[in-house]
Amino acid sequence: MSVSDYTETEGLPTADRKPYKPWSYDSADAKLYIPRLEAGQNRWFAAALSDQKGKAPSRLAVFAERPQHKRWEMVSVVDLDSPDLPDIALDHDGYATAVTADGNKHLGADAKLLRTAILDNFATGGTNTGTKVFTPTKASKRQIEVHDKTGTRYGNQGTTVFAGATNRYTDAYALKTTDGGALILFSHTHTQTDAVAHSGLQINPGKDDRAWLHDVPRTSITYTFVCNDAATVPAKAEPSRLIGYTCARTDASGPPVASWSDRA
């Protein structure tokens, strides 16, 4: 996601590039959730972070130890829609409890089902699983709105279709909450394919597409998005809550219109 941000910026004319402002957080206000792990388990922790001193957390991040890189890395970060955090269960020493994020029969949903429901929000507006797995929140409503508005923006001149895509980032992290459920942090990948309705039409890439599409008109464009997600899941068969998600466009491709193909 970070690399794609740099790629997109480098594709812009110098005059259109905004100065990069590194994001930082106030360590004094950070809330750390450090799970007590058993020997041999990969080490990680979650942190609720604020970018302003004295302000409520605005992001949830996961930091994990990467032995192959010999360092700790921030492997996920989600912008929150609300500063109201779920109540994480802590033991008498202040440690959190890590629970299994996938295949956990003690939870109303696992990371795999949550991921499927999010993809359905984009693909169908939540018709199949999205609105069944999630109770309405700002985050889930925003995903459905993306489907509803983007899917009709071309009218009868073109179409937009969302679909799931191969997800390289299958690791998921879960912490037990005081109600017996869990906070689950995970990732998903989806595509958005825009296509003209008939020959003679073309899609002109925008300036933010230049790094991938080079201002060449296309008959269709498939965008790939990698996203980080955060959801709270109950301990019983009730809807979960999507409390935030953050996406980045990581690729764009598509066939040029015939005149450009002939020229090439």
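Everything numeric here is computed off the predicted structure, so don't read it as measured data.
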For the residue pair [X] and [Y], establish whether any side-chain heavy-atom pair is separated by less than 4.5 Å.
| X | Y | value |
| --- | --- | --- |
| Val75 | Trp44 | no |
| Thr189 | Thr224 | yes |
| Ser82 | Ile243 | no |
| Pro234 | Ser240 | yes |
| Asp209 | Arg249 | yes |
| Ile118 | Tyr245 | no |
| Ser58 | Leu80 | no |
| His106 | Val99 | no |

Quick check: is [Y] connected to [X] through a chain of hydrophobic side chains (ILVMFWY, heavy atoms under 4.5 Å apart)?
| X | Y | result |
| --- | --- | --- |
| Ile221 | Trp212 | yes |
| Leu60 | Leu242 | no |
| Tyr173 | Val77 | no |

Under 3.5 Å donor-acceptor, [X] side chain and [Y] backbone:
| X | Y | result |
| --- | --- | --- |
| Ser50 | Lys55 | yes |
| Thr124 | Gly126 | yes |
| Asn121 | Ile144 | no |
| Thr116 | Lys112 | yes |
| Thr246 | Asp79 | yes |
| Thr131 | Thr127 | no |
| Arg218 | Gly254 | yes |

Just say parallel, tilted or perpendicular for the rings of Tyr223 and Phe225, cut-offs at 30° and 60°.
tilted

Phe122 and His190 aromatic ring geometry - parallel, tilted or perpendicular at 30°/60° bounds:
parallel

Taking 4.0 angstrom as the limit, do [X] and [Y] come out as a salt bridge?
| X | Y | value |
| --- | --- | --- |
| Arg115 | Asp229 | no |
| Arg153 | Asp194 | yes |
| Asp179 | Arg241 | no |
| Arg142 | Asp81 | yes |

Residues Ala98 and Leu37: closest non-hydrogen pair is CB-CD2, 4.0 Å

Going through the distances and angles, do Leu85 and Tyr33 end up as a side chain to side chain contact (heavy atoms under 4.5 Å, CB included)?
CA-CA 12 Å; Leu85 297 171; Tyr33 302 107; 3.8 Å; yes

